[in-house]
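Structure, as structure tokens:
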Amino acid sequence: MSVIEIKNLYKIYDGTGIEVKAVNGIDLNIEEGEFTAIVGPSGSGKTTFLNLVGGLDRPTDGQVIVDGIDVWSLRSRKLIDFRLHNIGFVFQAYNLIPVLTAGENVEFIMQLQGWSKNDRMKRTHDLLRAVGIEDRIDSRPAKLSGGQQQRVAVARALASKPKFVLADEPTANLDSKSTENLLDIMEKLNREEKITFIFSTHDARVIKKARRVITIEDGKILKDETK
Amino acid sequence: MLFSISWRNVWRNKLRSSVIIIAIALGICAGVFSSAFYKGMADQRIEKAIKSEISHIQVHVPQFRQANDITKFMPEAARLTEEIINIPEVKGASNRIIIFSMVASAETASGVKITGVHPKAEKNVTNIHTKLVEGNYFEEKRKNPIVVGQKLAEKLRVKMGSKVVLTLQDIDNNIVNGAFRIVGIYNTANNGFDESNVFIKYTDLSRLMNLPPNAGHEIAVLAENNEIVPVVKEKIHTITPEYVVESWTELSPEMNYLTEAMDLYMYIFIVIILFALLFGIINTMLMVVLERVKEIGMLMAIGMNKLRIFLMVVLESIFLSLSGGIVGVLLGTAVSKYFETHSIDLSIWGEVYKDLGYDPFVYTSLEYSLLINVTIMVILTGIIASLYPAYKALQNDPADALRIE
């Protein structure tokens, strides 16, 4: 069953008078439980593609349908709400809230969703345990290593029980060991909890772990391989 | 958690937040202290006016005050005074004879208000007897004693024991003279009052003016406190329905205006301070928002709606303002409280203040409602200061914001 249907998606920038087709007519289905890597060289349109799928950047044309809902037909307020309840984000630069502890960063999303305190606390502990840093629950991001911060970011992305997680080059700022750890965690969550992961990357280690690899170049799908 | 984030955000850049908090604290402290200072000054002026000059309530024949017509006296003033004294909330009442006339020394003359008083009763109503710098308040058994203000004594070039002549009109329109000897010189620190008021005994003035026994132009009443004046006024009115009963706010409306004007000036002053601080807070909050474009973009991306983003910025601005505001209010309260018991010596400009009727030694008077109002005003300033930065925050596009390195 497709969790995401992408139909004829375009993103064209023409701010400087020169038309740049960052995403150039992509059609794609992502099934539930996929562990998919979007790969391609820098500037190939990976991040733009993820932003369009994640409801962050408005496409010039085309549709992104998640569970039957055309994401870009939603009004601004509904769209934010849609992201909150359906999509988990992991960013390259972790982007945790610096004034909150690891636990609070994870809890924050659930609070936005209106969870009760007890449920929030329980899930926060579960998620941080799952990513292996429950012992750092009270540490602020500045006190965590890059790998630990990214694990908190993964826990935060999963906190809202999203339909899928979009990770934009999640290992770009991590050393080999942290990358391995993070990939193992994401793979385990994908395998055991059927969480759909879509990540952009040009990291060979990530590509190796992915079960589906979609290669994008000049905004178009060049290859779509399932292992 | 929004509160927590906003509060912690205030302290992300401790130096910057501290600078603006200190600026707010000093501004509010200055505002609170200035307000307490001017309130104290006004209160002292009013208290002085009540205790030395007008008392809380006065009773007159209706036309007396308009033209100072000496024929408009209350024939049974002594009896009414006794009845008024029996009102439980009344501290003292004094029957007076009043005439505006001339006092002359061997060298010069001056126009004055002559008040004929019962010294014993008057002591319960006014505090002139405590303001004597020389002599006494009709305590010696001398013929025709007079108590004059120090300013008037200087003007007439007279001293204790000097003789002065009062020239006045009796109720039959005859010009009469009386020679009086100075037995007391007072100084109320109000040059205008001291230069234009003399006190003689009721019996002496009554005799000179040929007034009937027990008559009086004015019954001055001092209530137990200022708050019960309206109640006392009503009670007196029932005793003396045919006469005009007026409280100090009616007798001396400028005193009432003084309080109102001081209140207004205080708030204008604080608004000016807050207005100046407003731009400092706006500047700080704008820096905050512009520094956190990526973070705000990330919050929008993960599902924090615009209302929450807006509230987060507003709350941060309120916390920033309120931190400074509370410190300022506490500091201002402490300073004002200290000067409630330790006078601020303005005697270097003493004569100017005395000419205006103000005491050159000012004790502050802090009104707690002011502190509440100032705190509310600080919160409003914080909210106003946050509106533009919050609007700027909402203009962020999450995708653009997240591209920032």
Side-chain angles (χ1 to χ4, degrees), chain A residues 11 15 22 47-59 76-101 103-115 117 120 140-142 153 156-157 159-160 162 165-166 168 173, chain B residues 1-18 284-285 287-320 323 390-391 393-405:
Chain A
K11 179 67 185 180
T47 299
T48 305
F49 174 71
L50 286 193
N51 284 345
L52 298 176
V53 175
L56 298 176
D57 216 354
R58 184 171 287 278
S76 169
R77 236 173 88 182
K78 289 268 181 198
L79 183 60
I80 293 174
D81 210 40
F82 181 84
R83 287 200 298 263
L84 174 64
H85 289 92
N86 295 282
I87 310 171
F89 289 94
V90 178
F91 305 101
Q92 183 180 330
Y94 330 129
N95 288 3
L96 298 175
I97 302 169
V99 293
L100 298 184
T101 63
E104 287 168 336
N105 263 285
V106 177
E107 200 189 332
F108 182 63
I109 296 281
M110 291 179 269
Q111 196 177 34
L112 291 180
Q113 288 187 325
W115 289 40
K117 177 81 181 166
R120 290 200 312 259
R140 288 206 185 176
R156 179 180 69 181
S160 61
V165 173
L166 294 174
D168 186 15
N173 292 342
Chain B
M1 202 173 277
L2 212 53
F3 281 85
S4 176
I5 293 174
S6 298
W7 173 249
R8 292 182 203 178
N9 274 339
V10 170
W11 302 106
R12 274 169 81 163
N13 189 328
K14 289 190 178 71
L15 180 65
R16 185 173 61 203
S17 294
S18 299
T284 303
M285 290 310 298
M287 280 197 280
V288 161
V289 165
L290 295 175
E291 265 175 16
R292 295 187 205 148
V293 167
K294 188 170 186 176
E295 189 178 315
I296 291 166
M298 177 276 293
L299 291 170
M300 285 174 159
I302 63 172
M304 191 165 170
N305 63 32
K306 288 190 172 182
L307 178 65
R308 285 193 169 109
I309 301 274
F310 186 84
L311 282 176
M312 185 181 74
V313 178
V314 171
L315 280 173
E316 187 170 338
S317 178
I318 290 174
F319 287 146
L320 188 71
S323 301
Y391 168 76
L394 297 184
Q395 299 308 301
N396 282 331
D397 178 75
D400 290 341
L402 288 165
R403 280 188 199 106
I404 296 169
E405 290 298 323

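Just so we're on the same page: letters track the sequence lines, and every chain starts at 1. The structure displayed is predicted, hence computed values, not measured ones.
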Most heavy-atom pairs under 4.5 angstrom with chain B, which of A/Gln111, A/His85, A/Gln113?
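Highest number of pairs under 4.5 Å: A/Gln111.
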Out of A/Thr47, A/Asp81, A/Leu84, which one racks up the most heavy-atom pairs below 4.5 Å with chain B?
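When all of A/Thr47, A/Asp81, A/Leu84 are compared, A/Leu84 has the most.
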Would you check if the side chain of A/Arg83 reaches a backbone N or O of B/Met304 as a donor-acceptor pair within less than 3.5 Å?
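It does not hold such a pair.
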Where does [X] contact chain B at under 4.5 Å (heavy atoms): side chain, backbone, both or neither?
| X | answer |
| --- | --- |
| A/Leu79 | neither |
| A/Ser76 | side chain |
| A/Phe89 | side chain |
| A/Arg140 | side chain |
| A/Leu112 | both |

What distance separates B/Met298 CE from A/Tyr94 OH, expressed to the nearest 0.5 Å?
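It is 14.0 Å, given to the nearest 0.5 Å.
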B/Ile302 side, atom CD1; A/Arg156 side, atom CZ - distance, nearest 0.5 Å
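Result: 4.5 Å between the selected atoms.
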So B/Trp7 and A/Val99, side chain to side chain contact (heavy atoms under 4.5 Å, CB included) or not? Walk me through it.
CA-CA 9 Å; B/Trp7 173 249; A/Val99 293; over 6 Å; no
B/Glu295/A/Ile97 under side chain to side chain contact (heavy atoms under 4.5 Å, CB included): CA gap, chis, key distance, verdict
CA-CA 7 Å; B/Glu295 189 178 315; A/Ile97 302 169; 4.3 Å; yes
If you check every heavy atom in residues 48-58 of chain A against those of chain B, which residues fall under 4.5 Å?
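So the qualifying residues are A/Asn51, A/Leu56, A/Asp57.
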With a strict 4.5 Å heavy-atom criterion, list every residue of residues 306-319 of chain B that contacts chain A, or say none.
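When heavy atoms of chain A are the reference, residues 306-319 of chain B contributes B/Lys306, B/Arg308 within the under-4.5 Å range.
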Please enumerate all residues that pass side chain to side chain donor-acceptor pair (under 3.5 Å) together with B/Ser4, with sequence neighbours excluded.
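Counting only residues at least two positions away or on another chain, B/Ser4 forms a side chain to side chain donor-acceptor pair (under 3.5 Å) with B/Arg8.
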Could you tabulate the donor-acceptor pairs under 3.5 Å formed by side-chain atoms of residues 394-402 of chain B, not counting sequence neighbours?
{"residue": "B/Gln395", "atom": "NE2", "partner": "B/Tyr391", "partner atom": "O", "Å": "3.3"}
{"residue": "B/Asn396", "atom": "ND2", "partner": "B/Ala393", "partner atom": "O", "Å": "3.2"}
{"residue": "B/Asp397", "atom": "OD2", "partner": "B/Ala399", "partner atom": "N", "Å": "3.3"}
{"residue": "B/Asp397", "atom": "OD2", "partner": "B/Asp400", "partner atom": "N", "Å": "3.1"}
{"residue": "B/Asp400", "atom": "OD1", "partner": "B/Arg403", "partner atom": "NH1", "Å": "2.8"}

Just wondering, are more than 12 heavy atoms of other shown residues or ligands nearer than 6.0 Å to CZ in A/Arg77?
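At most 12 heavy atoms, drawn from other residues, nucleotides or ligands, come within 6.0 Å of this atom.
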